[in-house]
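Report on the following structure.
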Amino acid sequence: MKLAVAAIGKPGRGPEATLAADYASRATLAGRSLGLGPLELIDLEPRKTGKAPEAELLLAAAEGAHLIACDERGKTYGSRAFADHIATLRDRGERKLVFVIGGADGLDQSVLDAARSTLAFGPQTWPHALARAMLAEQVYRAVTILAGSPYHRD
């Protein structure tokens, strides 16, 4: 199952972008033998401001995929439960899983309506560049959990 994080905005060249790219690369390498990956980071820059133009780009990036919307009101998962959720989707025959992160004002209702589920990193609001890195790390962690690697310790 291919994996992607589609996010509004460019992370730039800061440490958060480097961290997200590193975890995406790790997830891609570790996930091959499990039928997971590659993990692609998709940065989207709308030409117009507002939730509706952002939604168009996010929905286009997730076309034909199982869509999970990252939203502060979403479901929270422990790392093992998150790994199990990804494995269940893979085992059900999903071919692509796309996580979407909205812009500064959050996700348009059309994206939330199209999402098959939601994901939250708790009730706090996180900078988008950091959310990308955290999500890439959690996908990597999920892959290592499914592979039986000692990376995750409970």
Side-chain angles (χ1 to χ4, degrees), residues 1-9 11 16-17 19-44 46 51-103 106-126 128-154:
M1 176 173 69
K2 293 180 180 179
L3 307 164
V5 175
I8 297 298
E16 299 91 344
L19 190 61
D22 180 52
Y23 279 119
S25 177
R26 290 184 194 193
T28 296
L29 292 172
R32 282 187 185 147
S33 64
L34 301 171
L36 294 169
L39 173 57
E40 180 182 11
L41 301 176
I42 304 169
D43 301 318
L44 303 167
K51 288 183 178 182
E54 293 172 358
E56 288 179 29
L57 292 175
L58 290 168
L59 291 171
E63 188 174 347
H66 183 99
L67 172 60
I68 296 179
C70 295
D71 183 79
E72 65 186 11
R73 295 167 300 278
K75 182 176 180 177
T76 58
Y77 291 86
S79 294
R80 286 199 181 275
F82 184 64
D84 290 342
H85 185 61
I86 290 173
T88 297
L89 295 173
R90 177 200 59 197
D91 296 347
R92 267 196 344 219
E94 295 288 346
R95 300 192 39 103
K96 187 171 185 181
L97 170 60
V98 177
F99 298 91
V100 296
I101 300 172
L107 293 167
D108 188 75
Q109 189 61 46
S110 63
V111 177
L112 294 170
D113 291 344
R116 307 276 282 285
S117 61
T118 57
L119 172 67
F121 292 118
Q124 301 89 2
T125 300
W126 295 96
H128 289 82
L130 191 53
R132 283 181 188 94
M134 291 167 39
L135 183 53
E137 190 281 335
Q138 281 300 295
V139 171
Y140 171 64
R141 184 175 297 272
V143 168
T144 62
I145 288 169
L146 296 172
S149 165
Y151 178 72
H152 179 74
R153 295 170 180 84
D154 327 80

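Since this is a predicted model, take the numbers as computed values, not measurements.
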query = When rounded to the nearest 0.5 angstrom, what distance separates CD in Gln109 from NZ in Lys51?
reply = 8.0 Å
message = Rounded at 0.5 Å granularity, tell me how far CD1 in Ile145 sits from OH in Tyr140.
response = 11.0 Å
request  = Write down the atom of Leu107, the atom of Cys70, and the distance for their closest heavy-atom approach.
outcome  = CD1-O, 3.4 Å
query = Excluding sequence neighbours, so at least two apart, what forms side-chain contact (heavy atoms from CB on, under 4.5 Å) with Ala17?
reply = Pro11
inquiry  = If the condition is side-chain contact (heavy atoms from CB on, under 4.5 Å), which residues does Ser149 pass it with, not counting sequence neighbours?
reply    = Thr144, Tyr151
ask   = Quick one: are Tyr23 and Leu39 in side-chain contact, heavy atoms under 4.5 Å?
value = no
ask   = Which residues pass the side-chain contact (heavy atoms from CB on, under 4.5 Å) test with Leu29, sequence neighbours left out?
value = Ser25, Arg32
task = Decide yes or no for Asp108 and Leu59: does some side-chain heavy atom of the first lie under 4.5 Å from some side-chain heavy atom of the second?
result = no
task = List for me each residue that meets salt bridge (charged side-chain N to carboxylate O under 4.0 Å, His left out) alongside Arg90, sequence neighbours excluded, and say none if there are none.
result = none
message = According to side-chain hydrogen bond (donor to acceptor under 3.5 Å, both in side chains), who are the partners of Arg80, at least two apart in sequence or on a separate chain?
response = Asp154
remark   = So the salt bridge (charged side-chain N to carboxylate O under 4.0 Å, His left out) pairs with at least one residue in residues 60-75 (sequence neighbours excluded) are Asp71-Arg73
task = Over all heavy atoms of both residues, which pair between Leu119 and Phe82 is shortest? Give the atoms and the distance, please.
result = CD2-CE1, 4.0 Å
key: Least distance between heavy atoms, Ala136 atom then Ala24 atom   = CB-N, 4.2 Å
key: Gap separating the CD1 atom of Ile101 from the CZ atom of Phe121, nearest 0.5 angstrom   = 6.5 Å
ask   = Under the side-chain contact (heavy atoms from CB on, under 4.5 Å) test, which residues partner Glu94, sequence neighbours left out?
value = Met1, His66, Leu89, Arg92, Arg116
ask   = What heavy-atom pair brings Ala61 and Leu44 nearest, and what distance separates the two atoms?
value = CB-CD1, 4.1 Å
query = Looking at Ala120 and Gly74, what are the two nearest heavy atoms and their distance?
reply = CB-O, 3.5 Å
ask   = Say you draw a straight line from CE of Met134 to CH2 of Trp126; how long is it, rounded to the nearest 0.5 Å?
value = 5.0 Å
ask   = How would you list, by chain and number, every residue that makes a side-chain hydrogen bond (donor to acceptor under 3.5 Å, both in side chains) with Asp84, sequence neighbours excluded?
value = none
remark   = For Asp91, the side-chain hydrogen bond (donor to acceptor under 3.5 Å, both in side chains) test, sequence neighbours excluded, returns none
query = Quick one: salt bridge (charged side-chain N to carboxylate O under 4.0 Å, His left out) pairs with a partner in residues 130-147, sequence neighbours left out?
reply = Asp43-Arg132, Glu137-Arg141
For Glu40, all residues meeting side-chain hydrogen bond (donor to acceptor under 3.5 Å, both in side chains), sequence neighbours excluded = none
task = Could you list the residues that satisfy ring-ring contact (aromatic ring centres under 6.0 Å, His included) with His85, not counting sequence neighbours?
result = Tyr77
request  = Give the minimum heavy-atom separation between Glu16 and Ala133, together with the two atoms involved.
outcome  = O-CB, 3.8 Å
query = In Å and rounded to the nearest 0.5 Å, what is the CG to CD1 distance from Leu97 to Ile68?
reply = 4.5 Å
query = If you measure from CD1 on Ile86 to CG on Leu34, what distance do you get to the nearest 0.5 Å?
reply = 11.0 Å
